[in-house]
Novice: 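Have a look at this one.
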Amino acid sequence: MAKKSVQAVAGDRGRIEIEFEKPQLLGRVFGEFDKNLVAIENRLGVYIAARGNRLTIEGEASACARAREVIEGLYSRLQRGEDIDTGMVEAVIAMSGAAPLAGIARSDAAEPPQVMIRTRKKTIVPRSANQVPYMQALARDDIIFALGPAGTGKTYLAVAQAVSQLITGTVDRLILSRPAVEAGEHLGFLPGDMKEKVDPYLRPLYDALYDTLPAEQVERRIASGEIEIAPLAFMRGRTLADAFVILDEAQNTTPAQMKMFLTRFGMNSRMVLCGDPKQVDLPGPGASGLADAVEKLEGIENIHIQRFNAADVVRHPIVGRIVQAYEGPDA
């Protein structure tokens, strides 16, 4: 934490001076070409000046307090050995000034958050309020529905939890699936064999895997069958026991496909179904299997339904604004 912090307030204006004990960490706090400080200034409307191991923040008093919380939080993360990336900076800014919530990656937390997912490559902590109960459900419940717009971490966190359980031996297999339904294209018109046809649809799942496991382990586990990535149609007729099963883009299932998938559930398994009910690409009229399942299953024991909105978007902040522009302020 900072060595000392001095705050002066005059009316609505504030000025905060912070002195840090470990100036060698400040370069990583500030970011390349001070990009993290620039992001804080732009988002919170403050002015930040750095000199040696001292930092001065000026602006509206409440904004200065939030900026201090963000900077000290980033500094604390580095002291704990955590990584800082653009997404983390944006998440800490978004959560600054919010009410404390158990388990969340609050920027002013002196200790690591209670809720986290450990993988071979990184330790993942919540970056939004709704990610906390979602991550808790991923470690607890049998079937989890994750509903919400792109960029809220639905699929990424599910893959991370699945990888964590595969590493620890809690499950024997990781099965990742998607319906091969996209806007305006059909698999038969794509070049190549079946694997080459479906791989582009499953690419987001591959990306999450490679972000949580070393590449050689991903390839070895796929070759051995510990990790299986397949279209939804390949799930028919199977019983998925001792497995962590993830269905991505679940809004593009029909009710019949959804029933088929859910009834594959086996002993010592966990299922996560991710999708955005507002982004259905199914051809022709008819209800989405995701919406139908949520309506039928909400309230059943050991089934958790987590809803995300634009405020939970952890990609570039403009993604959240785009979601709100398309879906309204309550998205």
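Just the heavy atoms: all of them, side chains too, but no hydrogens, waters or symmetry mates, feed the values below. Bear in mind that the values here come from a model prediction, so they are computed numbers and not experimental data. Positions are given from 1, in the same order as the sequence printed here.
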Novice: For a 4.5 angstrom cut-off between non-hydrogen side-chain atoms, does F261 reach V245?
Specialist: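 Counting from C-beta outward, F261 and V245 do come under 4.5 Å.
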Novice: Under 3.5 Å, side-chain donor or acceptor atoms of residues 291-298 against the rest of the protein: list the pairs with distances, not counting sequence neighbours.
Specialist:
from: D292; atom 1: OD1; to: K296; atom 2: NZ; distance (Å): 2.6
from: D292; atom 1: OD2; to: K296; atom 2: NZ; distance (Å): 3.1
from: E298; atom 1: OE1; to: R307; atom 2: NH2; distance (Å): 3.2
from: E298; atom 1: OE2; to: R307; atom 2: NH1; distance (Å): 3.1

Novice: Using a 6.0 Å cut-off, check whether atom CD of Q24 has over 12 heavy atoms from anything other than its own residue.
Specialist: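 Yes, enclosed.
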Novice: Could you state the interatomic distance from CD1 (I40) to CZ (R68), rounded to the nearest 0.5 Å?
Specialist: 13.5 Å
Novice: Under a 3.5 Å cutoff, is there a donor and acceptor pairing between the side chains of Y156 and D207?
Specialist: no
Novice: Quick one, L209 and V159 - any side-chain contact, counting heavy atoms below 4.5 Å?
Specialist: yes
Novice: Would you name the heavy atoms of A250 and S288 that are closest together and state the gap between them?
Specialist: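 Heavy atoms of A250 and S288 come nearest at O-OG, 4.4 Å.
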Novice: Are any side-chain N or O atoms of E249 and backbone N or O atoms of P179, one a donor and one an acceptor, separated by less than 3.5 Å?
Specialist: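 Side chain of E249 to backbone of P179, a donor-acceptor pair under 3.5 Å: no, none is there.
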Novice: Would you sort out whether F20 and L55 count as a side-chain contact (heavy atoms from CB on, under 4.5 Å), showing the intermediate values?
Specialist: CA-CA 8 Å; F20 295 90; L55 203 67; 4.0 Å; yes
Novice: Measure from the side-chain N and O atoms of S164 to the backbone N and O of A160, and report whether any donor-acceptor pair falls under 3.5 Å.
Specialist: no
Novice: Can you tell me how far apart CG (L247) and CG (N252) are? Round to the nearest 0.5 Å.
Specialist: 9.5 Å
Novice: Would you check if I18 and R54 make a side-chain contact, meaning some heavy-atom pair closer than 4.5 Å?
Specialist: no
Novice: Can you tell if the side chain of Q136 reaches within under 4.5 Å of the side chain of L138, non-hydrogen atoms only?
Specialist: no
Novice: If you look at every heavy atom in A162 and I246, which pair is closest and at what distance?
Specialist: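 Nearest heavy atoms, A162 then I246: CB-CD1, 4.1 Å.
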Novice: Checking the side chain of Q251 only, and the main-chain atoms of Q279 only, is there a donor and an acceptor separated by less than 3.5 Å?
Specialist: yes
Novice: Would L74 end up clustered with V38 when hydrophobic side chains under 4.5 Å apart are linked, directly or stepwise?
Specialist: no
Novice: Counting only heavy atoms not in R118, do more than 12 fall under 6.0 Å of its CZ?
Specialist: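 For R118, atom CZ is not crowded (no more than 12 foreign heavy atoms under 6.0 Å).
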Novice: Quick check: does any side chain N or O of Q131 sit under 3.5 Å from a backbone N or O of R127, one acting as donor and the other as acceptor?
Specialist: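 Yes, because the side chain of Q131 sits within donor-acceptor range (under 3.5 Å) of the backbone of R127.
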Novice: Rounded at 0.5 Å granularity, tell me how far CZ in R270 sits from CG in D142.
Specialist: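 CG of D142 is found 6.5 Å from CZ of R270.
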Novice: In residues 232-243, what donor-acceptor pairs under 3.5 Å come from side-chain atoms, sequence neighbours left out?
Specialist:
from: R238; atom 1: NH1; to: E228; atom 2: OE1; distance (Å): 3.4
from: R238; atom 1: NH1; to: E228; atom 2: OE2; distance (Å): 2.7
from: R238; atom 1: NH2; to: E228; atom 2: OE1; distance (Å): 3.0
from: D242; atom 1: OD1; to: N268; atom 2: ND2; distance (Å): 3.0

Novice: Work out which heavy atom in L25 is nearest to a heavy atom in Q79; give both atom names and the distance.
Specialist: CD1-CG, 3.7 Å
Novice: To the nearest 0.5 Å, what is the distance between CD1 on I227 and CZ on R220?
Specialist: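 One gets 9.0 Å once the value is rounded to the nearest 0.5 Å.
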Novice: Could you state the interatomic distance from OG1 (T119) to CD1 (I117), rounded to the nearest 0.5 Å?
Specialist: 8.5 Å
Novice: Which atoms form the tightest heavy-atom contact between M135 and M116, and what is the distance?
Specialist: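 Reported closest heavy-atom pair: CE-CA, 3.9 Å.
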Novice: Are I84 and V89 packed together at the side-chain level, in the sense that at least one heavy-atom pair is separated by less than 4.5 angstrom?
Specialist: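 Yes, at least one pair of side-chain atoms sits under 4.5 Å.
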Novice: Do the side chains of I57 and I71 get nearer than 4.5 Å, heavy atoms only?
Specialist: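 Result yes, sub-4.5 Å side-chain heavy-atom pair found.
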Novice: If only atom types and distance count, is the side chain of D276 paired as donor or acceptor with the main-chain N or O of K278 below 3.5 Å?
Specialist: yes
Novice: Go through E58 and T56 one step at a time and tell me if the side-chain contact (heavy atoms from CB on, under 4.5 Å) criterion holds.
Specialist: CA-CA 7 Å; E58 295 181 345; T56 302; 4.1 Å; yes
Novice: Which atom names give the shortest non-hydrogen contact between P277 and G148, and what distance separates them?
Specialist: CD-N, 4.1 Å
Novice: Do I124 and Y210 share a hydrophobic cluster (ILVMFWY, side-chain heavy atoms under 4.5 Å, transitive)?
Specialist: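 Result: yes, single cluster for both.
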Novice: Using a 3.5 Å distance criterion without hydrogens, assess whether the side chain of S76 forms a donor-acceptor pair with backbone atoms of E72.
Specialist: yes
Novice: Should Q306 and P133 count as side-chain neighbours, where that means a heavy-atom distance under 4.5 Å?
Specialist: yes
Novice: For Y206 versus I222, what's the shortest heavy-atom pair and its separation?
Specialist: CE2-CD1, 4.1 Å
Novice: Angle class for the Y134/F308 ring planes (parallel below 30°, perpendicular above 60°, tilted otherwise)?
Specialist: perpendicular
Novice: Using a 6.0 Å cut-off, check whether atom OH of Y47 has over 12 heavy atoms from anything other than its own residue.
Specialist: no
Novice: List the steps and the verdict of side-chain contact (heavy atoms from CB on, under 4.5 Å) for I167 and L213.
Specialist: CA-CA 10 Å; I167 291 169; L213 274 176; 4.0 Å; yes
Novice: Are side-chain heavy atoms of F145 and L273 found at a separation under 4.5 Å?
Specialist: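 Sidechains of L273 and F145: in contact.
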Novice: So, T254 side chain and G289 main chain: donor-acceptor pair closer than 3.5 Å or not?
Specialist: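 Side chain of T254 to backbone of G289: no pair is present.
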Novice: Determine whether a donor-acceptor pair (N or O, by modelled atom type, separation under 3.5 Å) exists between the side chain of T212 and the backbone of A208.
Specialist: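 The answer is yes, because a donor-acceptor pair under 3.5 Å joins these two groups.
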Novice: Evaluate the side-chain contact (heavy atoms from CB on, under 4.5 Å) criterion for residues Q161 and F244: first the C-alpha distance (whole Å), next the side-chain angles of each, then the deciding distance (0.1 Å), finally the verdict.
Specialist: CA-CA 9 Å; Q161 179 66 30; F244 198 115; 3.8 Å; yes
Novice: Any donor-acceptor pair under 3.5 Å linking the side chain of R77 with the backbone of G73?
Specialist: yes
Novice: Of all residues at least two apart in sequence or in a different chain, which pass the salt bridge (Lys or Arg N to Asp or Glu O under 4.0 Å) check with R221?
Specialist: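 For R221 the salt bridge (Lys or Arg N to Asp or Glu O under 4.0 Å) partners, ignoring immediate neighbours, are E226.
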Novice: Do K154 side-chain atoms and L147 backbone N/O form a donor-acceptor pair below 3.5 Å?
Specialist: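 No, the answer is negative, given that no donor and acceptor are paired below the 3.5 Å cut-off.
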Novice: State whether a side-chain donor-acceptor pair under 3.5 Å links D312 with T152.
Specialist: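 Result is no, nothing qualifies.
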Novice: Let me confirm one number: the CD1-CG distance from I144 to L157, rounded to the nearest 0.5 Å.
Specialist: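 Between I144 CD1 and L157 CG, I get 11.5 Å after rounding to 0.5 Å.
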